[in-house]
Amino acid sequence: MSLIAITDVRKSFGQNEVLKGIDIDVERGEVIAIIGKSGSGKSTLLRCINGLETIDAGSIAVGRAQLLPGEAALRALRLKVGMIFQQFNLFPHLTAGRNVMLSQMVVKKTPKVQAEAVARKMLERVGLAEKFDAYPDELSGGQQQRVAIARALAMEPMALLCDEITSALDPELVSEVLAVVKELVAEGMTLLMVTHEMRFARDVCSRVVFMHQGRVHEIGPPEHVFANPKTPELRQFLGV
Amino acid sequence: MGQFTFFDILRNLLIATQWTVILSLVSFVGGGIVGGLVLFARISQSGWLRNLARGYIELLQGTPLLMQLFLAFFGLALFGVAVPAWLAAGLALILWTAAFLGEIWRGCVEAVPRGQWEASSSLGMGYLQQMRYVILPQALRVAIPPTVGFSVQVVKGTALTSIIGFIELTRAGTVVTNATYQPFLVYGLVALIYFCLCWPLSKASQVLERKLNVAHSHH
Ligand SMILES: Nc1ncnc2c1ncn2[C@@H]1O[C@H](COP(=O)(O)OP(=O)(O)OP(=O)(O)O)[C@@H](O)[C@H]1O
Ligand SMILES: [Mg+2]
(Lines give C-alpha, C1' and ligand atoms only; values in the text may rest on other atoms or scores of the structure.)
(Ligands and ions follow the chains in the order given, each with its own letter.)
Protein backbone atom coordinates (compact mmCIF):
# COMPACT_ATOMS: atom_id res chain seq x y z
CA MET A 1 0.00 0.00 0.00
CA SER A 2 1.37 3.42 -0.87
CA LEU A 3 2.01 5.92 1.89
CA ILE A 4 0.17 8.77 0.23
CA ALA A 5 -2.65 7.98 -2.17
CA ILE A 6 -4.00 10.95 -4.09
CA THR A 7 -6.94 9.89 -6.20
CA ASP A 8 -8.77 12.05 -8.72
CA VAL A 9 -8.49 15.15 -6.56
CA ARG A 10 -10.37 18.22 -7.75
CA LYS A 11 -10.31 21.68 -6.31
CA SER A 12 -11.88 24.92 -7.48
CA PHE A 13 -11.69 28.46 -6.17
CA GLY A 14 -15.02 29.83 -7.30
CA GLN A 15 -15.21 29.30 -11.05
CA ASN A 16 -11.49 28.65 -11.30
CA GLU A 17 -10.79 24.91 -11.34
CA VAL A 18 -7.23 24.71 -10.07
CA LEU A 19 -6.84 20.94 -9.68
CA LYS A 20 -8.57 18.96 -12.41
CA GLY A 21 -8.26 15.38 -11.26
CA ILE A 22 -4.87 14.59 -9.76
CA ASP A 23 -3.71 11.01 -9.29
CA ILE A 24 -0.39 10.37 -7.58
CA ASP A 25 0.66 7.47 -5.38
CA VAL A 26 3.69 8.05 -3.23
CA GLU A 27 5.55 5.09 -1.78
CA ARG A 28 7.27 5.17 1.57
CA GLY A 29 10.72 6.72 1.24
CA GLU A 30 10.02 8.28 -2.13
CA VAL A 31 11.17 11.79 -2.90
CA ILE A 32 8.92 13.54 -5.36
CA ALA A 33 9.66 16.87 -6.98
CA ILE A 34 6.71 18.83 -8.27
CA ILE A 35 7.57 21.29 -10.99
CA GLY A 36 5.47 23.49 -13.23
CA LYS A 37 4.62 27.01 -14.21
CA SER A 38 3.30 29.57 -11.76
CA GLY A 39 -0.40 29.00 -11.24
CA SER A 40 -0.35 25.37 -12.31
CA GLY A 41 -1.68 24.31 -8.90
CA LYS A 42 1.47 22.99 -7.18
CA SER A 43 0.96 24.79 -3.89
CA THR A 44 -2.74 24.06 -3.90
CA LEU A 45 -2.01 20.35 -4.25
CA LEU A 46 0.36 20.36 -1.26
CA ARG A 47 -2.09 22.40 0.77
CA CYS A 48 -4.82 19.89 0.02
CA ILE A 49 -2.64 17.01 1.16
CA ASN A 50 -2.11 18.81 4.44
CA GLY A 51 -5.76 19.74 4.79
CA LEU A 52 -5.11 23.48 4.60
CA GLU A 53 -7.53 23.46 1.67
CA THR A 54 -10.58 21.25 1.42
CA ILE A 55 -10.98 19.20 -1.73
CA ASP A 56 -14.11 19.22 -3.86
CA ALA A 57 -13.85 15.68 -5.17
CA GLY A 58 -11.58 12.65 -5.05
CA SER A 59 -9.68 11.41 -2.04
CA ILE A 60 -6.40 11.79 -0.26
CA ALA A 61 -5.14 9.17 2.15
CA VAL A 62 -1.95 9.27 4.17
CA GLY A 63 -1.14 6.00 5.86
CA ARG A 64 -4.59 5.13 7.06
CA ALA A 65 -5.85 8.67 7.60
CA GLN A 66 -8.31 9.90 5.00
CA LEU A 67 -8.83 13.55 4.27
CA LEU A 68 -12.36 13.84 5.54
CA PRO A 69 -14.16 16.94 6.62
CA GLY A 70 -14.12 17.62 10.33
CA GLU A 71 -11.46 18.84 12.70
CA ALA A 72 -10.59 15.43 14.17
CA ALA A 73 -9.90 13.82 10.79
CA LEU A 74 -7.88 16.82 9.68
CA ARG A 75 -5.72 16.65 12.76
CA ALA A 76 -5.13 12.96 12.28
CA LEU A 77 -3.95 13.72 8.77
CA ARG A 78 -1.79 16.63 9.82
CA LEU A 79 -0.05 14.58 12.44
CA LYS A 80 1.18 12.32 9.65
CA VAL A 81 2.46 14.96 7.27
CA GLY A 82 4.54 17.96 8.16
CA MET A 83 4.65 21.06 6.03
CA ILE A 84 7.47 23.51 5.38
CA PHE A 85 6.57 26.87 3.89
CA GLN A 86 8.34 29.29 1.62
CA GLN A 87 8.11 32.02 4.27
CA PHE A 88 9.28 29.76 7.14
CA ASN A 89 6.38 30.89 9.33
CA LEU A 90 8.26 30.47 12.57
CA PHE A 91 6.45 31.78 15.63
CA PRO A 92 8.25 35.10 16.14
CA HIS A 93 7.44 35.42 19.84
CA LEU A 94 9.13 32.12 20.71
CA THR A 95 12.77 31.06 20.65
CA ALA A 96 13.92 28.46 18.16
CA GLY A 97 13.80 25.83 20.89
CA ARG A 98 10.29 26.86 21.95
CA ASN A 99 9.15 26.81 18.35
CA VAL A 100 10.13 23.17 18.19
CA MET A 101 8.69 22.36 21.62
CA LEU A 102 5.30 24.05 21.32
CA SER A 103 3.32 21.65 19.18
CA GLN A 104 4.76 18.63 20.93
CA MET A 105 3.52 19.95 24.24
CA VAL A 106 0.22 21.35 23.02
CA VAL A 107 -0.82 18.75 20.49
CA LYS A 108 0.87 15.58 21.69
CA LYS A 109 0.84 16.57 25.37
CA THR A 110 4.50 15.62 25.62
CA PRO A 111 5.91 16.62 29.03
CA LYS A 112 8.11 19.69 28.88
CA VAL A 113 11.39 17.97 29.75
CA GLN A 114 10.90 15.42 27.04
CA ALA A 115 9.76 18.01 24.50
CA GLU A 116 12.87 20.01 25.21
CA ALA A 117 15.09 16.98 24.74
CA VAL A 118 13.42 16.28 21.40
CA ALA A 119 13.77 19.94 20.40
CA ARG A 120 17.49 19.89 21.15
CA LYS A 121 17.90 16.70 19.18
CA MET A 122 15.97 18.09 16.20
CA LEU A 123 17.87 21.36 16.21
CA GLU A 124 21.08 19.42 16.29
CA ARG A 125 19.88 17.38 13.35
CA VAL A 126 19.54 20.56 11.28
CA GLY A 127 22.86 21.88 12.56
CA LEU A 128 21.48 24.53 14.91
CA ALA A 129 22.05 23.06 18.35
CA GLU A 130 23.58 26.33 19.56
CA LYS A 131 20.59 28.41 18.45
CA PHE A 132 18.14 26.91 20.92
CA ASP A 133 17.62 30.24 22.70
CA ALA A 134 17.72 32.52 19.67
CA TYR A 135 14.57 34.27 18.50
CA PRO A 136 13.62 33.91 14.83
CA ASP A 137 14.54 37.53 14.03
CA GLU A 138 18.05 36.81 15.26
CA LEU A 139 18.49 34.06 12.68
CA SER A 140 19.29 34.20 8.99
CA GLY A 141 16.64 33.02 6.53
CA GLY A 142 18.47 29.76 6.02
CA GLN A 143 18.66 29.17 9.75
CA GLN A 144 14.98 30.02 10.16
CA GLN A 145 14.04 27.53 7.50
CA ARG A 146 16.13 24.86 9.20
CA VAL A 147 14.34 25.58 12.49
CA ALA A 148 11.07 25.20 10.60
CA ILE A 149 12.24 21.80 9.39
CA ALA A 150 13.23 20.82 12.93
CA ARG A 151 9.82 21.97 14.15
CA ALA A 152 8.04 19.77 11.61
CA LEU A 153 10.33 16.79 12.33
CA ALA A 154 9.62 17.01 16.05
CA MET A 155 6.08 15.83 15.33
CA GLU A 156 7.54 12.66 13.78
CA PRO A 157 5.64 12.93 10.51
CA MET A 158 5.55 10.07 8.01
CA ALA A 159 6.10 12.52 5.18
CA LEU A 160 7.11 16.13 4.66
CA LEU A 161 5.58 18.57 2.22
CA CYS A 162 7.89 21.35 1.13
CA ASP A 163 6.56 24.31 -0.84
CA GLU A 164 9.44 26.18 -2.50
CA ILE A 165 11.32 26.16 0.75
CA THR A 166 14.39 27.86 -0.70
CA SER A 167 12.65 30.47 -2.84
CA ALA A 168 12.66 33.18 -0.19
CA LEU A 169 16.35 32.70 0.61
CA ASP A 170 19.39 34.61 -0.56
CA PRO A 171 21.29 32.42 -3.03
CA GLU A 172 24.15 31.76 -0.65
CA LEU A 173 21.76 30.34 1.96
CA VAL A 174 20.02 27.90 -0.35
CA SER A 175 22.61 25.16 -0.09
CA GLU A 176 22.52 24.86 3.71
CA VAL A 177 18.79 24.16 3.56
CA LEU A 178 19.13 21.74 0.68
CA ALA A 179 21.88 19.93 2.58
CA VAL A 180 19.45 19.33 5.44
CA VAL A 181 16.84 18.06 2.99
CA LYS A 182 19.40 15.73 1.45
CA GLU A 183 20.16 14.29 4.84
CA LEU A 184 16.47 13.65 5.45
CA VAL A 185 16.33 11.85 2.14
CA ALA A 186 19.31 9.73 3.13
CA GLU A 187 17.49 8.82 6.34
CA GLY A 188 14.55 7.58 4.30
CA MET A 189 12.05 10.41 4.83
CA THR A 190 9.20 10.59 2.34
CA LEU A 191 9.16 13.98 0.68
CA LEU A 192 6.93 15.88 -1.70
CA MET A 193 8.57 19.09 -2.71
CA VAL A 194 7.58 21.89 -5.00
CA THR A 195 10.87 23.25 -6.23
CA HIS A 196 12.61 25.36 -8.81
CA GLU A 197 15.96 23.78 -8.02
CA MET A 198 16.11 21.56 -11.08
CA ARG A 199 19.56 20.25 -10.35
CA PHE A 200 18.57 19.29 -6.86
CA ALA A 201 15.45 17.60 -8.19
CA ARG A 202 17.53 15.65 -10.68
CA ASP A 203 20.04 14.57 -8.03
CA VAL A 204 17.84 13.47 -5.16
CA CYS A 205 14.35 12.74 -6.42
CA SER A 206 12.95 9.38 -7.24
CA ARG A 207 10.22 10.88 -9.40
CA VAL A 208 9.36 14.22 -10.91
CA VAL A 209 5.81 15.44 -11.41
CA PHE A 210 5.28 18.11 -14.03
CA MET A 211 2.03 19.94 -13.42
CA HIS A 212 0.33 21.92 -16.10
CA GLN A 213 -3.02 23.69 -15.84
CA GLY A 214 -4.16 21.69 -12.85
CA ARG A 215 -3.18 18.28 -14.18
CA VAL A 216 -0.25 15.92 -13.84
CA HIS A 217 1.08 16.46 -17.32
CA GLU A 218 4.12 14.19 -17.07
CA ILE A 219 5.44 11.99 -14.32
CA GLY A 220 8.48 9.77 -14.14
CA PRO A 221 12.01 9.31 -12.89
CA PRO A 222 14.13 12.45 -13.25
CA GLU A 223 16.36 11.00 -15.93
CA HIS A 224 13.30 10.51 -18.16
CA VAL A 225 11.49 13.69 -17.34
CA PHE A 226 14.50 15.96 -17.67
CA ALA A 227 16.40 14.19 -20.44
CA ASN A 228 13.48 13.04 -22.45
CA PRO A 229 10.43 15.29 -22.05
CA LYS A 230 7.52 13.91 -24.05
CA THR A 231 5.19 16.87 -24.23
CA PRO A 232 5.82 20.25 -25.84
CA GLU A 233 4.66 21.96 -22.59
CA LEU A 234 7.36 20.29 -20.53
CA ARG A 235 9.93 20.94 -23.21
CA GLN A 236 8.99 24.58 -23.18
CA PHE A 237 9.05 24.70 -19.38
CA LEU A 238 12.51 23.17 -19.28
CA GLY A 239 13.65 25.43 -22.08
CA VAL A 240 14.94 22.66 -24.31
CA MET B 1 -20.26 83.73 47.72
CA GLY B 2 -16.92 85.41 47.88
CA GLN B 3 -15.70 82.99 50.53
CA PHE B 4 -14.53 80.47 47.88
CA THR B 5 -10.77 80.66 47.73
CA PHE B 6 -8.75 79.23 44.90
CA PHE B 7 -7.84 76.28 47.07
CA ASP B 8 -11.47 75.60 47.90
CA ILE B 9 -12.21 75.43 44.24
CA LEU B 10 -9.26 73.16 43.57
CA ARG B 11 -10.08 70.92 46.52
CA ASN B 12 -13.66 70.47 45.38
CA LEU B 13 -12.55 69.67 41.87
CA LEU B 14 -9.93 67.17 43.04
CA ILE B 15 -12.44 65.36 45.21
CA ALA B 16 -14.68 64.97 42.19
CA THR B 17 -11.69 63.86 40.14
CA GLN B 18 -11.61 60.71 42.24
CA TRP B 19 -14.95 59.78 40.76
CA THR B 20 -13.73 60.47 37.26
CA VAL B 21 -10.78 58.17 37.90
CA ILE B 22 -12.92 55.45 39.46
CA LEU B 23 -15.46 55.60 36.67
CA SER B 24 -12.66 55.51 34.08
CA LEU B 25 -11.08 52.47 35.71
CA VAL B 26 -14.38 50.63 36.04
CA SER B 27 -15.27 51.41 32.43
CA PHE B 28 -11.87 50.42 31.14
CA VAL B 29 -11.57 47.18 33.09
CA GLY B 30 -15.20 46.21 32.60
CA GLY B 31 -15.05 47.28 28.97
CA GLY B 32 -11.89 45.23 28.57
CA ILE B 33 -13.57 42.10 29.89
CA VAL B 34 -16.72 42.55 27.81
CA GLY B 35 -14.52 43.64 24.90
CA GLY B 36 -12.66 40.33 25.15
CA LEU B 37 -15.97 38.53 24.76
CA VAL B 38 -16.89 40.77 21.84
CA LEU B 39 -13.52 40.00 20.25
CA PHE B 40 -14.00 36.25 20.54
CA ALA B 41 -17.50 36.48 19.14
CA ARG B 42 -16.29 38.72 16.33
CA ILE B 43 -13.59 36.28 15.19
CA SER B 44 -15.38 33.06 16.08
CA GLN B 45 -16.09 30.39 13.52
CA SER B 46 -19.81 30.65 14.06
CA GLY B 47 -21.49 32.96 11.57
CA TRP B 48 -24.32 34.14 13.78
CA LEU B 49 -21.98 34.99 16.65
CA ARG B 50 -19.79 36.99 14.28
CA ASN B 51 -22.80 38.89 12.97
CA LEU B 52 -24.12 39.50 16.44
CA ALA B 53 -20.79 40.97 17.52
CA ARG B 54 -20.53 43.05 14.36
CA GLY B 55 -24.03 44.41 14.88
CA TYR B 56 -23.18 45.27 18.47
CA ILE B 57 -20.00 47.07 17.46
CA GLU B 58 -21.66 48.98 14.64
CA LEU B 59 -24.58 50.01 16.83
CA LEU B 60 -22.38 51.33 19.63
CA GLN B 61 -19.84 52.95 17.37
CA GLY B 62 -22.56 54.46 15.20
CA THR B 63 -24.47 56.27 17.95
CA PRO B 64 -23.28 59.06 20.23
CA LEU B 65 -22.15 58.00 23.67
CA LEU B 66 -24.51 60.61 25.08
CA MET B 67 -27.51 58.81 23.57
CA GLN B 68 -26.31 55.56 25.06
CA LEU B 69 -26.10 57.24 28.44
CA PHE B 70 -29.62 58.64 28.05
CA LEU B 71 -30.95 55.25 27.03
CA ALA B 72 -29.31 53.52 29.98
CA PHE B 73 -30.54 56.18 32.38
CA PHE B 74 -34.02 57.05 31.13
CA GLY B 75 -34.65 53.94 29.07
CA LEU B 76 -34.37 51.51 31.94
CA ALA B 77 -36.47 53.85 34.05
CA LEU B 78 -39.26 53.41 31.49
CA PHE B 79 -39.36 49.73 32.35
CA GLY B 80 -39.84 50.67 35.97
CA VAL B 81 -36.21 50.02 36.83
CA ALA B 82 -34.95 53.02 38.72
CA VAL B 83 -31.31 53.25 37.75
CA PRO B 84 -29.03 55.46 39.80
CA ALA B 85 -26.81 57.75 37.76
CA TRP B 86 -23.60 55.92 38.71
CA LEU B 87 -24.99 52.59 37.53
CA ALA B 88 -26.27 53.96 34.24
CA ALA B 89 -22.98 55.75 33.71
CA GLY B 90 -20.88 52.66 34.46
CA LEU B 91 -23.07 50.39 32.36
CA ALA B 92 -23.15 52.63 29.33
CA LEU B 93 -19.43 53.34 29.45
CA ILE B 94 -18.55 49.66 29.86
CA LEU B 95 -20.65 48.68 26.85
CA TRP B 96 -19.29 51.59 24.79
CA THR B 97 -15.67 50.79 25.71
CA ALA B 98 -16.22 47.11 24.96
CA ALA B 99 -17.35 47.89 21.42
CA PHE B 100 -14.27 49.96 20.67
CA LEU B 101 -11.76 47.67 22.36
CA GLY B 102 -13.31 44.61 20.73
CA GLU B 103 -12.87 46.21 17.33
CA ILE B 104 -9.33 47.43 18.05
CA TRP B 105 -8.34 43.96 19.19
CA ARG B 106 -9.95 42.30 16.22
CA GLY B 107 -7.70 44.38 14.00
CA CYS B 108 -4.70 43.22 16.02
CA VAL B 109 -5.67 39.57 15.71
CA GLU B 110 -6.17 39.98 11.99
CA ALA B 111 -2.79 41.67 11.67
CA VAL B 112 -1.14 38.38 12.60
CA PRO B 113 -0.01 36.94 9.26
CA ARG B 114 -2.00 34.09 7.75
CA GLY B 115 1.17 31.99 7.67
CA GLN B 116 1.03 31.77 11.47
CA TRP B 117 -2.38 30.13 11.28
CA GLU B 118 -1.23 27.81 8.54
CA ALA B 119 1.98 26.78 10.28
CA SER B 120 0.17 26.08 13.52
CA SER B 121 -2.61 24.13 11.77
CA SER B 122 -0.07 22.10 9.88
CA LEU B 123 1.45 21.14 13.24
CA GLY B 124 -1.91 19.78 14.29
CA MET B 125 -3.08 22.54 16.63
CA GLY B 126 -6.79 23.16 17.04
CA TYR B 127 -8.42 26.60 16.90
CA LEU B 128 -8.24 27.32 20.61
CA GLN B 129 -4.65 26.11 20.84
CA GLN B 130 -3.67 28.30 17.92
CA MET B 131 -5.33 31.27 19.56
CA ARG B 132 -3.86 30.65 22.95
CA TYR B 133 -0.27 29.88 22.00
CA VAL B 134 0.35 31.47 18.63
CA ILE B 135 -2.09 34.20 17.63
CA LEU B 136 -3.04 36.03 20.83
CA PRO B 137 0.52 36.41 22.16
CA GLN B 138 1.45 38.13 18.92
CA ALA B 139 -1.76 40.15 18.73
CA LEU B 140 -1.27 41.30 22.31
CA ARG B 141 2.02 43.03 21.53
CA VAL B 142 0.40 44.98 18.74
CA ALA B 143 -2.67 45.71 20.85
CA ILE B 144 -0.97 47.40 23.78
CA PRO B 145 -0.34 50.87 22.30
CA PRO B 146 -3.80 51.42 20.78
CA THR B 147 -5.44 50.00 23.90
CA VAL B 148 -3.59 52.41 26.17
CA GLY B 149 -4.33 55.14 23.64
CA PHE B 150 -8.04 54.37 23.79
CA SER B 151 -8.06 54.73 27.56
CA VAL B 152 -7.75 58.49 26.90
CA GLN B 153 -11.10 58.37 25.11
CA VAL B 154 -12.61 56.59 28.09
CA VAL B 155 -11.41 59.28 30.50
CA LYS B 156 -12.84 62.00 28.30
CA GLY B 157 -16.00 59.98 27.78
CA THR B 158 -16.72 60.04 31.50
CA ALA B 159 -17.29 63.81 31.21
CA LEU B 160 -20.59 63.10 29.46
CA THR B 161 -21.96 61.29 32.49
CA SER B 162 -22.28 64.69 34.16
CA ILE B 163 -25.34 65.23 31.99
CA ILE B 164 -27.27 62.41 33.65
CA GLY B 165 -26.23 63.77 37.02
CA PHE B 166 -23.25 61.66 37.99
CA ILE B 167 -20.99 63.84 40.07
CA GLU B 168 -17.55 63.63 38.57
CA LEU B 169 -15.06 66.27 37.50
CA THR B 170 -17.14 68.04 34.85
CA ARG B 171 -20.25 68.04 36.97
CA ALA B 172 -18.28 69.38 39.92
CA GLY B 173 -16.98 72.12 37.62
CA THR B 174 -20.53 73.18 36.86
CA VAL B 175 -21.53 73.12 40.50
CA VAL B 176 -18.50 75.13 41.59
CA THR B 177 -19.04 77.61 38.76
CA ASN B 178 -22.62 78.16 39.87
CA ALA B 179 -21.34 78.91 43.34
CA THR B 180 -18.40 81.12 42.42
CA TYR B 181 -19.36 82.73 39.11
CA GLN B 182 -15.83 82.14 37.87
CA PRO B 183 -16.42 79.88 34.88
CA PHE B 184 -13.16 80.63 33.14
CA LEU B 185 -11.03 79.81 36.15
CA VAL B 186 -13.04 76.75 37.12
CA TYR B 187 -13.34 75.21 33.68
CA GLY B 188 -9.72 76.07 33.04
CA LEU B 189 -8.79 74.03 36.08
CA VAL B 190 -11.13 71.24 35.02
CA ALA B 191 -9.48 71.12 31.64
CA LEU B 192 -6.06 71.13 33.24
CA ILE B 193 -6.97 68.20 35.47
CA TYR B 194 -8.26 66.22 32.48
CA PHE B 195 -5.04 67.02 30.70
CA CYS B 196 -3.00 65.73 33.64
CA LEU B 197 -4.96 62.48 33.51
CA CYS B 198 -4.89 62.02 29.76
CA TRP B 199 -1.49 63.27 28.71
CA PRO B 200 0.54 60.56 30.49
CA LEU B 201 -1.71 57.95 28.92
CA SER B 202 -1.29 59.18 25.37
CA LYS B 203 2.42 59.67 25.94
CA ALA B 204 2.69 56.12 27.28
CA SER B 205 0.87 54.86 24.23
CA GLN B 206 3.34 56.61 21.94
CA VAL B 207 6.37 55.40 23.85
CA LEU B 208 5.07 51.84 23.91
CA GLU B 209 4.39 51.95 20.22
CA ARG B 210 7.90 53.14 19.45
CA LYS B 211 9.41 50.58 21.81
CA LEU B 212 7.46 47.70 20.33
CA ASN B 213 8.39 48.80 16.83
CA VAL B 214 12.07 48.99 17.60
CA ALA B 215 12.31 45.79 19.60
CA HIS B 216 9.93 44.24 17.09
CA SER B 217 9.69 40.83 18.72
CA HIS B 218 11.68 41.13 21.94
CA HIS B 219 10.41 39.48 24.31
N1 LIG C 1 -7.03 30.99 -1.73
C2 LIG C 1 -7.21 31.14 -3.05
N3 LIG C 1 -8.30 31.78 -3.54
C4 LIG C 1 -8.49 31.91 -4.86
N5 LIG C 1 -7.66 31.47 -5.80
C6 LIG C 1 -6.55 30.83 -5.40
C7 LIG C 1 -6.28 30.64 -4.00
N8 LIG C 1 -5.10 29.97 -3.91
C9 LIG C 1 -4.68 29.76 -5.17
N10 LIG C 1 -5.55 30.26 -6.07
C11 LIG C 1 -5.42 30.20 -7.52
O12 LIG C 1 -5.15 28.87 -7.86
C13 LIG C 1 -4.25 28.80 -8.92
C14 LIG C 1 -3.08 27.90 -8.57
O15 LIG C 1 -2.37 28.48 -7.51
P16 LIG C 1 -1.15 27.77 -6.83
O17 LIG C 1 -0.68 28.65 -5.75
O18 LIG C 1 -1.50 26.37 -6.49
O19 LIG C 1 -0.08 27.75 -8.03
P20 LIG C 1 1.42 27.35 -7.97
O21 LIG C 1 1.60 26.31 -9.01
O22 LIG C 1 1.85 27.04 -6.60
O23 LIG C 1 2.11 28.69 -8.48
P24 LIG C 1 3.47 29.37 -7.98
O25 LIG C 1 4.58 28.69 -8.74
O26 LIG C 1 3.32 30.79 -8.43
O27 LIG C 1 3.59 29.22 -6.52
C28 LIG C 1 -3.83 30.23 -9.24
O29 LIG C 1 -4.57 30.63 -10.36
C30 LIG C 1 -4.23 30.98 -8.03
O31 LIG C 1 -4.61 32.28 -8.37
MG1 LIG D 1 3.11 27.98 -5.15
Side-chain angles (χ1 to χ4, degrees), chain A residues 43 46-47 49-53 65 70-95 98-109 133-139 144 147-148 150-157 160-163 168, chain B residues 36 39-41 43-50 104-148 207-219:
Chain A
S43 297
L46 284 198
R47 295 163 59 81
I49 298 173
N50 193 239
L52 287 176
E53 305 284 359
E71 179 121 341
L74 271 182
R75 284 175 114 183
L77 185 82
R78 282 170 179 153
L79 284 177
K80 301 200 173 176
V81 290
M83 183 141 180
I84 323 282
F85 302 85
Q86 184 175 346
Q87 300 299 336
F88 329 135
N89 295 344
L90 290 184
F91 306 134
H93 59 299
L94 299 176
T95 61
R98 288 273 169 181
N99 261 276
V100 184
M101 287 164 68
L102 180 66
S103 56
Q104 299 180 63
M105 289 163 59
V106 167
V107 178
K108 287 189 168 176
K109 315 287 181 208
D133 291 315
Y135 282 89
D137 65 352
E138 299 166 338
L139 300 173
Q144 289 189 50
V147 173
R151 182 174 70 174
L153 290 177
M155 297 303 279
E156 303 176 303
L160 276 186
L161 312 172
C162 306
D163 192 358
Chain B
L39 165 71
F40 274 101
I43 60 177
S44 86
Q45 288 166 318
S46 133
W48 70 267
L49 255 182
R50 271 203 311 273
I104 289 173
W105 293 343
R106 179 187 68 88
C108 297
V109 167
E110 284 177 0
V112 176
R114 213 167 56 123
Q116 295 290 311
W117 287 99
E118 296 186 342
S120 46
S121 322
S122 81
L123 290 164
M125 288 186 215
Y127 178 78
L128 289 178
Q129 297 172 334
Q130 293 176 293
M131 270 293 171
R132 162 83 181 75
Y133 296 103
V134 177
I135 306 302
L136 288 184
Q138 294 182 58
L140 198 68
R141 313 182 55 77
V142 197
I144 291 169
T147 302
V148 174
V207 171
L208 282 169
E209 183 164 3
R210 219 173 311 127
K211 251 197 185 146
L212 290 176
N213 275 342
V214 171
H216 199 54
S217 62
H218 295 242
H219 301 295

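Proteins come first, then strands; the chains are lettered A, B, ... in the order of their sequence lines, and each starts at number 1.
Both the backbone and the side chain of A/Met83 have a heavy atom closer than 4.5 Å to some heavy atom of chain B. For A/Leu90, the part lying under 4.5 angstrom from a heavy atom of chain B is the backbone only. Contact of A/Phe91 with chain B is made through backbone and side chain together, with heavy-atom distances under 4.5 Å.
With sequence neighbours excluded, no residue forms a salt bridge (charged side-chain N to carboxylate O under 4.0 Å, His left out) with A/Arg98.
Listed by first then second residue, pairs satisfying salt bridge (charged side-chain N to carboxylate O under 4.0 Å, His left out) with a partner in residues 111-123 of chain B read A/Arg47-B/Glu118, B/Arg114-B/Glu118, not counting sequence neighbours.
A/Leu102 has its side chain out of reach of B/Leu123: every pair of non-hydrogen atoms, C-beta onward, lies at least 4.5 Å apart.
In plain terms, the two heavy atoms of A/His93 and B/Pro137 that are nearest each other are CD2-CB, 3.5 Å. Between A/Pro92 and B/Gln138 the shortest heavy-atom distance is CG-OE1, 3.2 Å.
With hydrogens and angles ignored, the 3.5 Å screen pairs a side-chain donor or acceptor of B/Gln129 with a backbone N or O of A/Val106.
The line from CD1 of A/Ile49 to OG of B/Ser122 is 13.0 Å long, rounded to the nearest 0.5 Å.
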